[in-house]
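Quick note: residue numbers are just sequence positions, from 1. For the numbers below, each heavy atom of this structure counts, side chains included, while hydrogens, waters and symmetry mates do not.
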Amino acid sequence: MNDPRFSVLAQKQINTLKEFGHIITFDQDTLVFDVGDNNYDFYVILEGEIQIKDPIRDEVVGTHGVHQFTGDSSMLSNRRIPFSAHAPKGTTVLCIKPEVLKEVISKHSDISDVLLSAFIQRQETMLREFIGGIKVIGSEKSKETYQLRDFMEKNHIWHTFLNTDTSEEAKALLESFGLTHDDLPILINITGEMFKKPSLAELAQQTGVLTEFGDDIFDVLVVGAGPSGLAASVYAASEGLSVVTIDGNAPGGQAGKSTKIENYLGFPTGISGTDLANKAYIQAQKFGCNISIPHKAEKVEYNGSYFTLCASNDRHIKAKSIIAATGANYRRLPIDTIEKFEGSGVFYSATGMNASACKNELVGVVGGGNSAGQAALFLADHAAEVHVIIRGDDLGAKMSDYLVQRIYASPNIIVQKSSNVVQLNGAHHLESLVLDTEGSEQTIGITNLFTFIGAKPCTEWLNRIVAMDDKGFIYTGQDVIEAAMTKCSIFEQRKPQSLESSIPGFFAVGDVRKGSVKRVASAVGEGSMAISQVHQYLSELKMNQ
């Protein structure tokens, strides 16, 4: 049976690839790329072999033979490769530059299918089966450590966590480096460099997730890499627009927090939000979209010709049009001490990383929507008990029926109706909470609380440059007209398009838009539809120049 990770290219495909590269025969054993490289060549083996080595364990993890090829999904971006590759003397290869490979993938679908399938499978195998990558050393109960791990988990960055609370290896590393708990968390990158208390920006730079932009004016800037933003990115790039996409944390948005989406068309057995986001992330890069994380939008300016976005990490990005896809964040519980426990007992998503910390523990899930239901079922496979806490008395009011039925069928899920969390207890990590049920209070030893309540639009960065409702959701289309906010001369000649805001060329899609349907499928639909409207605006802009 053919292993897609080690696919063999057909001779016809190799002949096509020869038009884009050059042939090399190595006259000695050669290191063709090294661990930590982020701009390395793609090789098709014509004679001989290339060995892929894990430098940490100093062992061969894979060998590519004749008509097989090197590389993984990092070739579509600037991510650093965690392995090295060695070609024995006499090996003959076809060498293609990474920027040329992207052109090949975009133009030749038969080759693209083989390469991308292998790239994705290799990444998944590395993350699932191999121990290694970046080392994170810290306490499982530390908020700062959690932020680093959460970022790497959601961005599919290969890493190993060493818990100083339980790991002898972690304690030995601290001692060997002469470090104390005050230096935590510690990051040791794939080349062995050590960083004390690194920021997310430093981590992103070390892995290549954070990329640089020139001073070009892009056709479209997508702000936010949730389902709607990624859909817009894919369609814009595939239709030849120059597009850059940024996000403040990770691809996926609210959908990325769903452990299993079972009602998304085309996935009868379901797909996790993070897997859906990762595949869309790779798909957008396949067509040439520039994606950089973490870039948080801070302010946007418009000079009548183009927009300038001021983002975190001192970046200024210029674009003729903008698509706001920043979505909405779950609201905090109205408890004074909530911030103290965020990342150390209170969380806003449930991932595999959280599951390991919940083993045999009491867990709480606040919220009655689908994300809360999916999280409860996922955590129930690991926790001793899962308490689903809702303010109303009907779990099915906002949750899909299939989730409701499974929750009631789960022996270790308890539904707490007409209830609110009113107090959190613990010194450094959550130890218990107080639950108010219709005026009657009880203390429950819940150590991990996951909240999925409300939806606060992420529009602070706009400084009300476009029209919004009193909750901060962006008016588009007919709502702009009804809000009497059409102050631009272009709107004297035409009406705003259905996803266009009160400024021509500024579009809003997904949860951030007033009136949007809070479902993954509708978000994807809006993101793709927005690009046809961007095309119309850009042609209009060109005519007026």
Side-chain angles (χ1 to χ4, degrees), residues 38-39 72-82 123 127 133-134 136 146-159 187 189-190 195 198-214 218 220-234 236-237 243-257 273-298 300 309-317 319 322-327 329 348-349 351 353 458 461 510 512 523 527:
N38 64 349
N39 188 29
D72 65 13
S73 57
S74 63
M75 297 209 73
L76 302 177
S77 61
N78 290 312
R79 293 197 180 199
R80 294 187 174 189
I81 190 76
Q123 182 193 51
L127 293 172
I134 292 174
V136 180
Y146 175 81
Q147 288 173 340
L148 295 176
R149 295 175 65 206
D150 185 57
F151 182 85
M152 288 190 283
E153 184 93 5
K154 290 177 178 175
N155 284 283
H156 290 73
I157 298 169
W158 189 36
H159 67 282
L187 185 97
N189 72 10
I190 53 179
F195 300 85
S199 66
L200 289 185
E202 287 175 318
L203 170 59
Q205 287 170 338
Q206 287 301 313
T207 56
V209 179
L210 187 68
T211 60
E212 298 292 334
F213 303 116
F218 294 90
V220 57
L221 164 62
V222 181
V223 186
S228 58
L230 288 170
S233 304
V234 168
V243 54
V244 60
T245 300
I246 65 170
D247 193 278
N249 183 257
Q254 293 283 30
K257 299 175 182 179
T274 184
D275 282 346
L276 181 66
N278 186 51
K279 286 179 170 62
Y281 172 78
I282 293 171
Q283 188 178 15
Q285 291 177 321
K286 159 188 171 178
F287 290 114
C289 177
N290 302 281
I291 303 181
S292 187
I293 299 170
H295 279 309
K296 185 176 181 181
E298 295 180 341
V300 63
L309 182 86
C310 304
S312 57
N313 301 315
D314 297 321
R315 296 295 183 271
H316 292 76
I317 309 168
I322 283 185
I323 296 178
T326 42
N329 281 335
Y348 297 93
S349 63
T351 66
M353 180 179 70
C458 302
W461 58 282
V512 77

Set out, in order, the CA-CA distance, both residues' side-chain angles and the distance that settles side chain to side chain contact (heavy atoms under 4.5 Å, CB included) for T207 and R80, then state yes or no.
CA-CA 6 Å; T207 56; R80 294 187 174 189; 6.0 Å; no

Side-chain touch D72/R79, heavy atoms, less than 4.5 angstrom
no

Over all heavy atoms of both residues, which pair between P294 and L210 is shortest? Give the atoms and the distance, please.
O-CD1, 3.7 Å

More than 12 foreign heavy atoms under 6.0 Å from NZ of K296: is that the case here?
no

Give the minimum heavy-atom separation between V220 and A319, together with the two atoms involved.
C-CB, 4.1 Å

A side-chain contact here means heavy atoms from C-beta on lying under 4.5 Å apart; do I317 and F218 qualify?
yes

What is the minimum heavy-atom distance between P251 and Y281, and which atoms define it?
CG-CD1, 3.7 Å

Considering non-hydrogen atoms only, spot the tightest contact between I190 and I81 and give its length.
CD1-O, 3.5 Å

Note: A280 and V234 closest approach over all heavy atoms is O-CG2, 3.9 Å

Member of K154, Q123, Q283 meeting the side chain to side chain contact (heavy atoms under 4.5 Å, CB included) criterion with N278
Q123

Could you tell me the separation between the NE2 atom of H295 and the CG atom of N249, rounded to the nearest 0.5 Å?
13.5 Å

Is the side chain of T326 donor-acceptor paired with the backbone N or O of C458 at a distance under 3.5 Å, no angle test?
yes

Rounded to the nearest 0.5 Å, what separates atom CD1 in I291 from atom OG1 in T211?
9.0 Å

Heavy-atom check, side chain of V300 versus side chain of I322, under 4.5 Å
yes

Interatomic distance, OG@S312 vs CD1@I246, rounded to 0.5 Å, equals 7.0 Å

Is I293 close to F151 at the side-chain level, that is, under 4.5 Å between some pair of heavy atoms?
yes

Could you tell me whether a side-chain N or O of D150 sits under 3.5 Å from a main-chain N or O of Y146, the two making a donor and an acceptor?
no

List the steps, then state whether side chain to side chain contact (heavy atoms under 4.5 Å, CB included) holds for I323 with V223.
CA-CA 6 Å; I323 296 178; V223 186; over 6 Å; no

Q254 side, atom CD; S349 side, atom OG - distance, nearest 0.5 Å:
9.5 Å

Test your reading of the model: is there a side-chain donor-acceptor pair from S228 to the backbone of A523, 3.5 Å cut-off?
no

Taking it one step at a time, do T245 and N290 satisfy side chain to side chain contact (heavy atoms under 4.5 Å, CB included)?
CA-CA 6 Å; T245 300; N290 302 281; over 6 Å; no

Is a side-chain donor or acceptor of Q285 paired with a backbone partner of I282 at a separation under 3.5 angstrom?
no

Among E153, M152, H156, H159, find the one that has a side chain to side chain contact (heavy atoms under 4.5 Å, CB included) with L127.
H156

Which atom pair, heavy atoms only, marks the closest approach of S199 to E202?
N-OE1, 2.8 Å

To the nearest 0.5 Å, what is the distance between CG (L76) and NZ (K286)?
10.0 Å

About how many Å separate CG of L187 and CG of L203, when rounded to the nearest 0.5 Å?
5.5 Å

Between F195 and N189, does the side chain to side chain contact (heavy atoms under 4.5 Å, CB included) criterion hold? Intermediate values first, please.
CA-CA 8 Å; F195 300 85; N189 72 10; 3.8 Å; yes

Just by distance, do the side chain of R315 and the backbone of N313 share a donor-acceptor pair under 3.5 Å?
yes

